[in-house]
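Contents: one structure, followed by commentary.
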Amino acid sequence: MQQPRFPGCPVGLRTGHASRRRMLLGVAAMVGAGVLLVGGATPALAHARLRGSVPAAAATVTGSPATVRLAFTEVVEPGQSQVLVTGPEGRALAGVRTTRDPRDATVLRAALPPRLPRGTYAVTWRVLSVDGHPVAASFRFAVGAATGSLTATSNSGFGPSLLGGTGRALDDVGLLALVGLLAFPLLVLGVGHRRPPPVPTDAAAAVQRRLRPLLTIALLMAVVGNMLLTVDTLAQSRGFPAARVWRHLPELGTFLGDTRTGQLLAARETGLLLLGGALAMAYTGSRRPAGRATGAHLALGLGLLGTVSLSSHAGTAAADAVLSMAVDWSHLVAAGVWTGGLLALALAGLPVARAAARQDPAAGAEHAAALTARFSDVAQLCMLVVLATGLYEALVHVSGLGQLGRTAWGGELVAKLALWAVVLLVASASTASLVPRISQRAAGATARLAACGELASAARFELAAAAALITVAAVLAGTAPPDQLT
């Protein structure tokens with residue numbers, strides 16, 4: 001039977017390859033914009049800030065101090081922390097050993113040589129906080145009498161580089177897409193459920209086959225992004241160019257094995273590779289994963305999101321850390337199920353409905369109606385969770401609205417909320433108007449499929465806005481919130 005032409009149906013629905021190219025280009029542009037925003041982050045984005053020192057910055061002490069004591073606003077990784085003390089003649093003091101205070105994980109101690117001569121000393125430190133953000137700064141003090149300027153340069157740290165920002169954006173987008181793509185067969189297609197599926201088995205199988213390349217792309221994005229983030233974090237915390245990481249492979253091994261940040265990054269990379277192997281086995285030849293296997297894949301994906309929460313602002317909260325991490329993880333899961341599910345609907349579910357319409361327009365319309373109705377229910381619940389958990393996370397770090405305009409974190413939060421409002425408006429309009437039109441059998445197959453085409457256009461726009469939203473969220477994750485600036 002000749003494929004019907006649907007009035008008002010966008011060309012993107014009739015030409016699937018062109019539609020996918022346009023949407024993927026749009027998503028790539030949005031991700032690129034977010035990466036540039038990360039790369040342009042200012043030095044004020046450091047997290048572990050110096051809250052005090054002994055000797056104090058710009059102080060003059062009468063006797064020779066035995067140690068320099070540095071107290072930070074966050075727990076620091078001792079193995080990735082360095083303290084350099086330069087004497088009055090401009091040479092680094094020999095024998096300076098850096099250790100973490102066994103009674104306070106936020107304090108570093110640098111043992112100094114005995115009987116320091118009079119003069120001005122410079123203390124330069126480079127640390128890695130447990131939330132995975134490296135930072136460096138310096139200050140000066142004098143012994144006996146100053147022989148040079150005591151002007152301090154405290155907390156002049158650095159934010160994420162372009163390499164690190166690119167890695168974080170790719171990692172976030174890939175992980176969230178993976179979770180949504182893995183959840184789609186279970187929550188929307190009904191794979192593994194005892195009750196009858198919303199679409200025929202052959203249609204569900206066709207959707208799952210179309211998910212395979214999307215899963216591959218998302219997995220590669222996360223793997224590459226996590227690798228870039230690992231290299232950038234090590235390079236910044238140790239003070240060498242990222243391009244020369246191959247010269248520091250022993251340090252890379254130490255970083256991955258002996259630090260909390262490195263262990264989380266290594267666990268994420270290992271989990272991604274295991275997931276890739278499991279998906280390759282499940283999709284061998286014309287096979288597709290059954291419900292139990294899909295559930296296992298999704299469980300692994302949810303665990304990978306847990307490694308993100310453990311290294312986030314929530315993971316370093318001074319109080320209610322467990323609750324904060326649970327809220328952050330719920331926020332990520334809901335965002336992933338929604339955005340990745342939307343990707344699955346736009347690039348797999350609706351194209352399969354279109355293919356069915358070539359043979360039987362009524363059947364194609366029924367497929368589209370079932371998929372959009374099921375996904376609409378899931379998406380609405382996810383949006384509510386994202387909104388509630390996002391508000392909680394914001395209130396934890398903000399004590400007043402005035403902080404939104406005075407800090408980089410506040411400005412980025414406003415941008416994220418603005419994008420969220422756009423996405424919510426588009427999603428609400430689609431749910432209120434297009435989904436009922438697709439489900440209205442009395443309207444006829446042509447009208448219902450025309451509404452399906454309009455929904456495809458709305459989904460493309462929503463995906464582009466969601467990609468921008470995720471990249472801004474990646475910038476936000478690399479920025480010190482107001483409660484860490486005090």
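What's counted below: heavy atoms across the whole structure, side chains too, no hydrogens, waters or symmetry copies.
- The structure places CG of L425 at 10.0 Å from CD of E462, a figure rounded to the nearest 0.5 Å.
- The list of salt bridge (Lys or Arg N to Asp or Glu O under 4.0 Å) pairs with a residue in residues 302-311, not counting sequence neighbours, is empty.
- Between R168 and D232, none of the side-chain N atoms (NZ, or NE/NH1/NH2) sits under 4.0 Å from a carboxylate O, so this pair counts as no salt bridge.
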Could you go through residues 269-282 and list every donor-acceptor pair under 3.5 Å that involves a side-chain atom there, pairing it with any protein atom two or more places apart or in another chain?
| from | atom 1 | to | atom 2 | distance (Å) |
| --- | --- | --- | --- | --- |
| E269 | OE1 | N226 | ND2 | 2.7 |
| T270 | OG1 | A266 | O | 2.9 |

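- The list of salt bridge (Lys or Arg N to Asp or Glu O under 4.0 Å) pairs with a residue in residues 109-121, not counting sequence neighbours, reads D101-R109.
- Legend: ring-ring contact (aromatic ring centres under 6.0 Å, His included) pairs involving residues 99-120, not counting sequence neighbours: none detected.
- In summary, the side chains of Q380 and S376 do present a donor paired with an acceptor at a separation below 3.5 Å, with no hydrogens or angles considered.
- We find that R268 and D172 are not joined by a salt bridge, their nearest charged nitrogen and carboxylate oxygen being 4.0 Å or further apart.
- Rounded to the nearest 0.5 Å, atoms CG (L234) and CG (L256) are 8.0 Å apart.
- Remark: F72 pairs with W125 by the ring pair (Phe, Tyr, Trp, His ring centres under 6.0 Å) rule, at least two apart or across chains.
- A salt bridge links E251 with R238: the distance from a Lys NZ or Arg NE/NH1/NH2 to an Asp or Glu carboxylate oxygen falls below 4.0 Å.
- For F461, the ring pair (Phe, Tyr, Trp, His ring centres under 6.0 Å) test picks out no residue, with sequence neighbours left out.
- Pairs of residues two or more places apart, or lying in two chains, never qualify as ring-ring contact (aromatic ring centres under 6.0 Å, His included) while including a residue from residues 250-277.
- Applying the side-chain hydrogen bond (donor to acceptor under 3.5 Å, both in side chains) test to every pair with at least one member in residues 57-68, sequence neighbours left out, gives no pairs at all.
- Here F375 pairs with nothing under the ring pair (Phe, Tyr, Trp, His ring centres under 6.0 Å) rule; sequence neighbours left out.
- Remark: R69 engages no residue in a salt bridge (Lys or Arg N to Asp or Glu O under 4.0 Å) (not counting sequence neighbours).
- Not counting sequence neighbours, the partners of V327 by the side-chain contact (heavy atoms from CB on, under 4.5 Å) test are L323, T389, Y392, E393.
- Sequence neighbours left out, the pairs with a member in residues 322-348 that pass ring-ring contact (aromatic ring centres under 6.0 Å, His included) are W338-W420.
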